[in-house]
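Here is how names work: the chains are called A, B, and so on, in the same order as the sequence lines, proteins then strands, and each is numbered from 1. All values derive from a computational prediction rather than experimental measurement. The figures that follow rest on heavy atoms only: side chains count, while hydrogens, waters and symmetry mates do not.
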Amino acid sequence: MNDSTSTPESSTPSNFIQQIIREDLKNQKNEGGVLTRFPPEPNGYLHIGHAKSICINFGTARDFSGLCNLRFDDTNPEKEDMEYVDSIKESIRWLGFDWEDREYYASNYFDQLFDFALELIKKNKAYVCSLSQEQAREYRGTLTAPGRNSPDRNRSVEENLDLFARMKAGEFDDGAYTLRAKIDMASPNMNMRDPVLYRIRRLHHHHRTGDKWCIYPMYDYTHCISDALENITHSLCTLEFEDHRPLYDWVLDELDGVPHPQQIEFARLNINYTVMSKRKLKQLVDEKLVTGWDDPRMPTLDGMRRRGYTPASIRNFCEMVGVTKSNSVVDVGMLEHSLRDDLDKSSPRAMCVLHPLKVVIENVPEGHKEEMTLPRHPKDESMGERKISFTRTIYIDHNDFEEVPPPGFKRLIAGGEVRLRGCYVIKCEEVIKDAEGNIQELRCSYDVATLGAKPEGRKVKGVIHWVPADESIDVEVRLYDRLFSHEAPDSAEGDYRDFINPESLMVLRGCKAEPSLVNAVAEERFQFEREGYFCVDKIDSAPQQPVFNLTVGLRDTWARKQG
RNA sequence: UGGGGUGUAGCCAAGCGGUAAGGCAACGGACUCUGACUCCGUCAUGCGUAGGUUCGAAUCCUACCACCCCAGCCA
């Protein structure tokens, strides 16, 4: 295969869709071009599952030097709204894809769609049916029993034309008539049993066409024609549309002079420990089980963005997952791996003490202040440095001190030593407790000779993070965990809501952050050393008062060993 | 009991008649002023099951099994 057409970079293994397209290009199909489309219905917010589709559609086009259109599949005025088109556009842009000026709407094709319907009627391939919804269901038959022809099936072309025109003119109530394709009521494929092409929806205003129309085309009829009108070459969609393909092909075959794109189906994305259906996500929002569509625990792109996910990590994840036709459930660990992988490279380091424990270093004089310089990134010098004052009173994390340490504990213990990150080695001289025996503070000493140098004659294994007491800033930190404690909340016994992880959100107030963090801006990301990756919440932060969301924790082999 | 799909390790996934890629996870170890990162190593005599064809089968054939989707005037 030595054609001049660009092929996907070899770094990403080829998938079955790329193989089909490569074959098409070899056969000079579509004049060697590739045009795909991402076709969301503007009836809700995008989630990680849509991200896979976006990556496949835009990514496949990019891999073959083609283009991808954005098309809103807005044929059902009952559920759609402008609010959603704006949010969808924003999410796609955020993910890093650009449809340039190729923004289309199925509703822009309503006139042409209507004319094509006329063509089908004239060819005696469509008829106006008066069956009620209930009757239609009865006439349709079942999975194993064939359906029966509608009594209106042999209505004359003239009468069909007249009735369809009157449907459009608004003469009939919702549900009084439908326009149906005349195919085969005995087809083993339910979609081919004279599917509805148009329905009457007088009661709804369309978010773009207003009240111009009172009949609306159905998905099956609209999608293939929209693809054809845009000269789409490959119409990539999910598996559940597999048995709609014969209908997609039927419509285009019956129409004169329209191109015939190829529909190819792939498996949708499933991830464990979450739910992906719009119905359930909406329920979580409506029942206030989460704070909204952009709750950082939600698998929505708005939620993931607020959580601190990077667009690149989501794109890489989608690459990693691959494209196949087999239904699968991807381990959320893979998503987290992709996230950490990107964040490790791109996040400046900072120190923030989540559970402050006061430490007084007795051999540091009152008022003493020594400026420490720490790199913003251990491997990327271009990120620069930050300054932190070493003072007599500091805070360390409560979890970094144990009076009775478990075996292998290498943090601070009574009488033991530990390194303060980027600073001196300190030794715990005394543990001060209140009447109930709770640890109040630690009295320590420090070894002057250990700044940037190994201590003499002994080994100090542990390194812990810290902040100066006076100069640190108080911040709110929100610790997020998986929304569900069951890996398959959908398919488990009982209601999925019963598996909501009660610890999926823990709010910590009075955390002590190093002073450089005071100017952190919305959505800025950091690695809080030894804790995890955090980002500044864009909703609840105020100037000089950042609120941090835990994006994902650092891998923690110690915690894992502890059980 | 109809039709359309899919079965390769705990998870995702290559493989396209020539003797099971890669990633995630896990487990060892090295390194380390983050128990992080990085780096090394281990991890399918086995490809849903049973037969068959072949010198040779995850790949071809036959039968069976399991799971997913379809009976909206939703997309």
Does a nitrogen or oxygen in the side chain of Lys79(A) sit under 4.0 Å from OP1 or OP2 of A75(B)? no

Partners passing side-chain hydrogen bond (donor to acceptor under 3.5 Å, both in side chains) against Lys427(A) (at least two apart in sequence or in another chain): none

Atom pair CD1/CD of Ile232(A) and Gln262(A) - distance to nearest 0.5 Å: 13.5 Å

I'd like the P distance from A57(B) over to G46(B), given in whole Å. 14 Å

Using the C1' atoms only, state how far G48(B) lies from C68(B), rounded to an integer number of Å. 15 Å

Under 4.0 Å between a side-chain N or O of Arg201(A) and OP1 or OP2 of C73(B)? no

side-chain hydrogen bond (donor to acceptor under 3.5 Å, both in side chains) partners for Tyr216(A), two or more places apart: none

Does Gly147(A) reach a base, just sugar-phosphate, or nothing at all? Heavy atoms under 4.0 Å. nothing

Has Trp558(A) got its ring stacked on the base of G35(B), with centres under 5.5 Å and planes less than 30° apart? yes

What contact category does Ser187(A) fall into here, base, sugar-phosphate, or nothing, at under 4.0 angstrom with non-hydrogen atoms? nothing

Assign Arg555(A) to base, sugar-phosphate, or nothing according to its heavy-atom contacts below 4.0 angstrom with the strands shown. sugar-phosphate

Between A63(B) and G3(B), how far is it from one P atom to the other, in whole Å? 14 Å

Please work out whether the ring planes of Tyr105(A) and Phe72(A) are parallel, tilted or perpendicular, with thresholds of 30° and 60°. parallel

Contact class for Val329(A) vs. all strands (heavy atom < 4.0 Å): base, sugar-phosphate, or nothing? sugar-phosphate

Scan Phe409(A) against the nucleic acid and name what it touches under 4.0 Å (heavy atoms): base, sugar-phosphate only, or nothing. base

Is there, by distance only and without an angle test, a donor paired with an acceptor across the side chain of Gln527(A) and the base of U34(B) below 3.5 Å? yes

Over 12 foreign heavy atoms within 6.0 Å of CD, Gln562(A): yes

So what does Gly422(A) touch, heavy atoms closer than 4.0 Å: a base, only the sugar-phosphate, or nothing? base

Sequence neighbours excluded, the answer for salt bridge (Lys or Arg N to Asp or Glu O under 4.0 Å) partners of Glu242(A) is Lys325(A)

Across the strands shown, which category fits Arg411(A) at heavy-atom distances under 4.0 angstrom: base, sugar-phosphate, nothing? base

Can you establish whether the number of heavy atoms outside Glu134(A) located under 6.0 Å from its atom CD is more than 12? yes

Under 3.5 Å, N/O pairs linking protein and nucleotides 4-10 of chain B:
from, atom 1, to, atom 2, distance (Å)
G5(B), O2', Glu242(A), OE1, 3.4

Take atom CZ in Arg202(A); do more than 12 heavy atoms of anything else shown fall under 6.0 Å from it? yes

Residues in side-chain hydrogen bond (donor to acceptor under 3.5 Å, both in side chains) with Lys561(A), at least two apart? none

Under the 3.5 Å Watson-Crick or G-U criterion, the dot-bracket string of RNA chain B, with | for inter-strand pairs: .(((((((.[[[..)..(...]]].(((((.......))))).....[[[[[..)....]]]]])))))).....

Scan Leu131(A) against the nucleic acid and name what it touches under 4.0 Å (heavy atoms): base, sugar-phosphate only, or nothing. base

